[in-house]
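These notes are about the structure you will find just below.
Only a predicted model underlies this, so the values are computations on that prediction, with no experimental measurement involved. Counting from 1, the numbers follow the sequence of the chain as shown.
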Amino acid sequence: MIEKNTHEYKKDVLRLATFIGQLMLSNGAETYRVDDTVKRICSSRGFTHINVFVAPNTIIISDDRFDGYTFMKVIESRCINLNKIDLLNDFSRRFVSQVDMSIDNAIKELKNLEEKPPHTQRAVNIWTAIGSSSFAVLAGGDNVLTFMLTLITSVMAMIIYNEVKKISNIPVFATLVSSIIIGLCGVGLVEIGILNTPKMLIVGSIMPLLPGVPFIKAIRDLVSGELMSGVGRAIDAGIIATAIAVGVGIAMNIYVRFGGVL
């Protein structure tokens with residue numbers, strides 16, 4: 001068994017801390033939450049002299065002793081998975097409280113959490129449709145037709161978003177394309193006389209694309225003093241919101257140029 005004061009044990013603990021920080025960032029956790037979790041894990045095993053640098057796509061953990069080690073991980077893809085963040089928080093609490101838990105078992109459990117499948121695409125589509133169409137009704141679309149058309153349009157937009165993101169791996173571009181499709185659907189349904197106005201359908205359908213959660217996380221990072229991460233997340237959310245506005249604007253501009261009246 002490796003003694004807790006050996007270099008190998010220290011490296012194992014830092015490797016574990018880096019791994020859980022990587023998983024938390026890749027699933028959309030706030031910077032201050034990642035920083036606190038990493039420090040608690042290291043401190044629970046006697047390493048209280050740890051420095052942590054966390055950015056939205058990078059985590060660096062360093063031991064500031066003379067013989068210190070540094071671990072860095074770049075996060076290439078990110079998403080918002082609050083369920084997985086909750087599971088990682090639960091794991092970190094158990095690891096801190098159970099001082100006899102081995103590093104190997106902890107890493108094995110983290111790998112199981114990493115491979116835990118997200119919600120099925122069918123479930124995501126169902127709740128996306130219900131949420132979007134309900135918001136369209138709340139915004140003024142007070143008939144069943146608007147509800148049903150928004151339901152269909154929002155699901156189609158999310159499918160297009162996922163497919164474009166697979167091809168380009170650029171969320172902003174996928175958001176732009178989906179927004180254009182939503183706008184064209186809205187004005188197209190008005191043109192053929194099914195709807196009187198595209199506003200409610202467009203407002204409801206763009207709801208799944210809006211960066212509400214990333215923006216709130218940016219605010220929480222700023223309030224917690226994580227200025228660089230907070231500003232970075234806020235800019236990212238602002239760019240996505242701009243892409244939505246530009247996409248819908250392009251669709252409406254095309255409609256007007258071809259003689260349509262909004």
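In this structure, T58 contributes its side chain and A55 its backbone to no donor-acceptor pair below 3.5 Å. Between the side chain of D90 and the backbone N or O of D86 there is no donor-acceptor pair closer than 3.5 Å. In this structure, the side chain of S97 engages the main chain of R94 through a donor-acceptor pair within 3.5 Å. Judged by distance alone, with hydrogens and angles left aside, the side-chain atoms of K217 form a donor-acceptor pair with the main-chain N or O of G28 at under 3.5 Å. Remark: side-chain polar atoms of S132 are not paired, donor with acceptor, to backbone N or O of A129 under 3.5 angstrom. Remark: the backbone N or O of V52 is not paired with any side-chain donor or acceptor of K39 at under 3.5 angstrom. With N27 contributing its side chain and L23 its backbone, the two residues share a donor-acceptor pair below 3.5 Å.
N143 and T146 share a donor-acceptor pair across their side chains, judged by distance under 3.5 Å alone. With hydrogens and angles left out, the side-chain atoms of T70 and S62 include a donor and acceptor closer than 3.5 Å. In this structure, a donor-acceptor pair under 3.5 Å is absent between the side chains of D221 and S229. Remark: the N89 side chain and the S92 side chain contain no N/O donor-acceptor pair separated by less than 3.5 Å.
Here the rule is side-chain contact (heavy atoms from CB on, under 4.5 Å) with V54, and of V38, T31, I61, D36 only T31 fits it.
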Could you list the donor-acceptor pairs under 3.5 angstrom formed by side chains in residues 169-184, with sequence neighbours left out?
{"unit_1": "T175", "atom_1": "OG1", "unit_2": "P171", "atom_2": "O", "d": "2.8"}
{"unit_1": "S178", "atom_1": "OG", "unit_2": "A157", "atom_2": "O", "d": "3.2"}
{"unit_1": "S178", "atom_1": "OG", "unit_2": "Y161", "atom_2": "N", "d": "3.3"}
{"unit_1": "S178", "atom_1": "OG", "unit_2": "A174", "atom_2": "O", "d": "3.0"}
{"unit_1": "S179", "atom_1": "OG", "unit_2": "T175", "atom_2": "O", "d": "2.8"}

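Atom NZ in K73 sits 12.5 Å away from atom CG in N57 (nearest 0.5 Å). Expressed to the nearest 0.5 Å, how far CD of E30 lies from CD of E226 amounts to 11.0 Å.
In this structure, K166 pairs ionically with E163, as a charged nitrogen and a carboxylate oxygen lie closer than 4.0 Å.
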**OP:** Starting from the C-alpha separation in whole Å, work towards a yes-or-no answer on side chain to side chain contact (heavy atoms under 4.5 Å, CB included) for F95 and E109.
**Re:** CA-CA 11 Å; F95 182 83; E109 186 171 344; over 6 Å; no
Subject >> Stepwise side chain to side chain contact (heavy atoms under 4.5 Å, CB included) test for M156 and S205 >> reply: CA-CA 9 Å; M156 182 177 64; S205 298; over 6 Å; no
**OP:** Kindly indicate, with the supporting measurements, whether the criterion side chain to side chain contact (heavy atoms under 4.5 Å, CB included) is fulfilled by I103 and Y9.
**Re:** CA-CA 9 Å; I103 303 299; Y9 185 80; 4.1 Å; yes
